[in-house]
Amino acid sequence: FALGSLLAYAMPELARAVQVLFGGALEALGLQEAVGKGLPVLAGVIFHWNFSQGLFLTGLLPALFLGVPVLLLNALRYLAFGFALSPALLGSAFLFHLPTLVLELQAYILVTFGGLVLLTKILRREGYRSGLRGLLLAFYLGALFLLLAAWYEAWEVVFLL
């Protein structure tokens with residue numbers, strides 16, 4: 001994430017293009033419509049997107065394959081997020097969005113480490129089931145972080161930005 005943020009300073013035009021691409025994805029999920037429907041609806045839409053697309057589809061499912069795919073996928077995703085959400089582009093709004101970034105990235109990092117726990121348990125011959133337990137615990141904790149992040153982000157969008 002930090003590397004992507006720093007690269008955005010060197011390539012601001014490309015960073016803006018990536019930001020527009022991510023913004024288009026957010027529009028597609030109906031974020032603009034949810035803004036006018038109140039804080040709980042907006043938080044629900046944000047949580048649904050982050051949970052289903054971020055934590056489950058590109059987190060838990062790749063982690064089930066011994067952790068390596070989720071590690072590689074998330075490394076690329078963090079680089080892209082850092083690029084699009086760099087202080088070089090967001091300016092002072094970055095400070096308002098920082099708690100959201102910390103909570104969301106923590107959730108995705110947890111499921112990534114959960115996948116690596118699964119790999120470690122397999123390599124130590126403790127069994128897939130034992131590793132799966134560690135992965136699922138990390139997944140549940142990650143969901144809690146995403147829930148907190150969604151409520152803060154909704155509050156941020158409604159009251160701060």
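These numbers come from a predicted model, not from an experiment. Count residues from 1 along the sequence.
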Dump the intermediate steps for side chain to side chain contact (heavy atoms under 4.5 Å, CB included) on Gln19 and Leu90, then the final yes or no.
CA-CA 10 Å; Gln19 190 179 51; Leu90 296 180; 3.5 Å; yes
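- You'll find the side chain of Leu137 stays beyond 4.5 Å of the side chain of Val117, heavy atoms only.
- In this structure, Phe56 is not a member of the same hydrophobic cluster as Phe65, with clusters built from ILVMFWY side-chain heavy atoms closer than 4.5 Å.
- Using a 4.5 Å heavy-atom threshold, the side chains of Leu14 and Phe83 count as touching.
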Report the C-alpha separation of Leu39 and Trp151 in whole Å, then their side-chain angles, then the decisive distance to 0.1 Å, and conclude whether the side chain to side chain contact (heavy atoms under 4.5 Å, CB included) test is met.
CA-CA 8 Å; Leu39 202 62; Trp151 277 99; 4.1 Å; yes
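- The hydrophobic clustering, which links ILVMFWY residues whose side-chain heavy atoms are closer than 4.5 Å, places Phe81 and Leu6 apart.
- Here the straight-line distance linking atom CG of Leu119 with atom CG of Leu135 works out to 11.5 Å at 0.5 Å rounding.
- Annotation for Gly59 and Val111: closest pair CA-CG1, 3.8 Å, computed over non-hydrogen atoms.
- Rounded to the nearest 0.5 Å, atoms CG (Asn50) and CG (Leu55) are 9.0 Å apart.
- Counting heavy atoms from C-beta outward, Tyr78 and Ile109 have side chains that approach closer than 4.5 Å.
- Annotation: ring-ring contact (aromatic ring centres under 6.0 Å, His included) contacts involving residues 100-139, sequence neighbours excluded, comprise Phe51-Phe139.
- Across all non-hydrogen atoms, the minimal contact from Asn74 to Thr58 is OD1-O, 3.9 Å.
- With hydrophobic clusters built from ILVMFWY side chains whose heavy atoms lie under 4.5 angstrom apart, Met11 shares a cluster with Phe1.
- Here the side chains of His97 and Leu160 are not in contact, with every heavy-atom distance at 4.5 Å or above.
- The nearest pair of heavy atoms linking Lys121 to Ser130 is CD-OG, 3.5 Å.
- Here the closest non-hydrogen pair linking Leu89 and Pro12 is CD2-O, 4.1 Å.
- With values rounded to the nearest 0.5 angstrom, Gln106 atom CD is found 12.0 Å from Glu104 atom CD.
- Taken from CG in Leu7 to CG in Leu79, the straight-line distance is 6.5 Å, to the nearest 0.5 Å.
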In sequence, state the C-alpha distance, the side-chain angles, and the governing distance for Leu42 and Lys37, and then conclude on side chain to side chain contact (heavy atoms under 4.5 Å, CB included).
CA-CA 7 Å; Leu42 181 57; Lys37 294 185 179 181; over 6 Å; no
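- Between the side chain of Thr112 and the main chain of Leu71, no donor-acceptor pair closer than 3.5 Å is present.
- A donor atom on one side chain and an acceptor atom on the other are found under 3.5 Å apart for Glu156 and Thr100.
- Residues Phe47 and Ala143 share a closest heavy-atom pair of CE1-O, 3.6 Å.
- Grouping the Ile, Leu, Val, Met, Phe, Trp and Tyr side chains by contacts below 4.5 angstrom, directly or via other members, places Leu147 with Leu105.
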Side chain to side chain contact (heavy atoms under 4.5 Å, CB included) between Ile46 and Leu146, intermediate numbers included:
CA-CA 9 Å; Ile46 292 168; Leu146 284 183; over 6 Å; no
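- For the pair Tyr140 and Leu136, the minimum side-chain heavy-atom distance is below 4.5 Å.
- Here the shortest heavy-atom pairing between Gly114 and Ala138 reads CA-CB, 3.9 Å.
- Using a 4.5 Å heavy-atom cutoff, the side chains of Ser86 and Tyr9 are in contact.
- Residues Leu103, Leu110, Leu144, Phe145, Leu148 make up the rest of the hydrophobic cluster containing Leu141, defined by ILVMFWY side-chain heavy atoms closer than 4.5 Å, directly or through other members.
- The cluster map of Ile, Leu, Val, Met, Phe, Trp and Tyr, joined by side-chain heavy atoms under 4.5 Å apart, puts Val70 and Leu76 in different clusters.
- Distance check: Leu101 CG to Phe94 CZ gives 5.5 Å after rounding to the nearest 0.5 Å.
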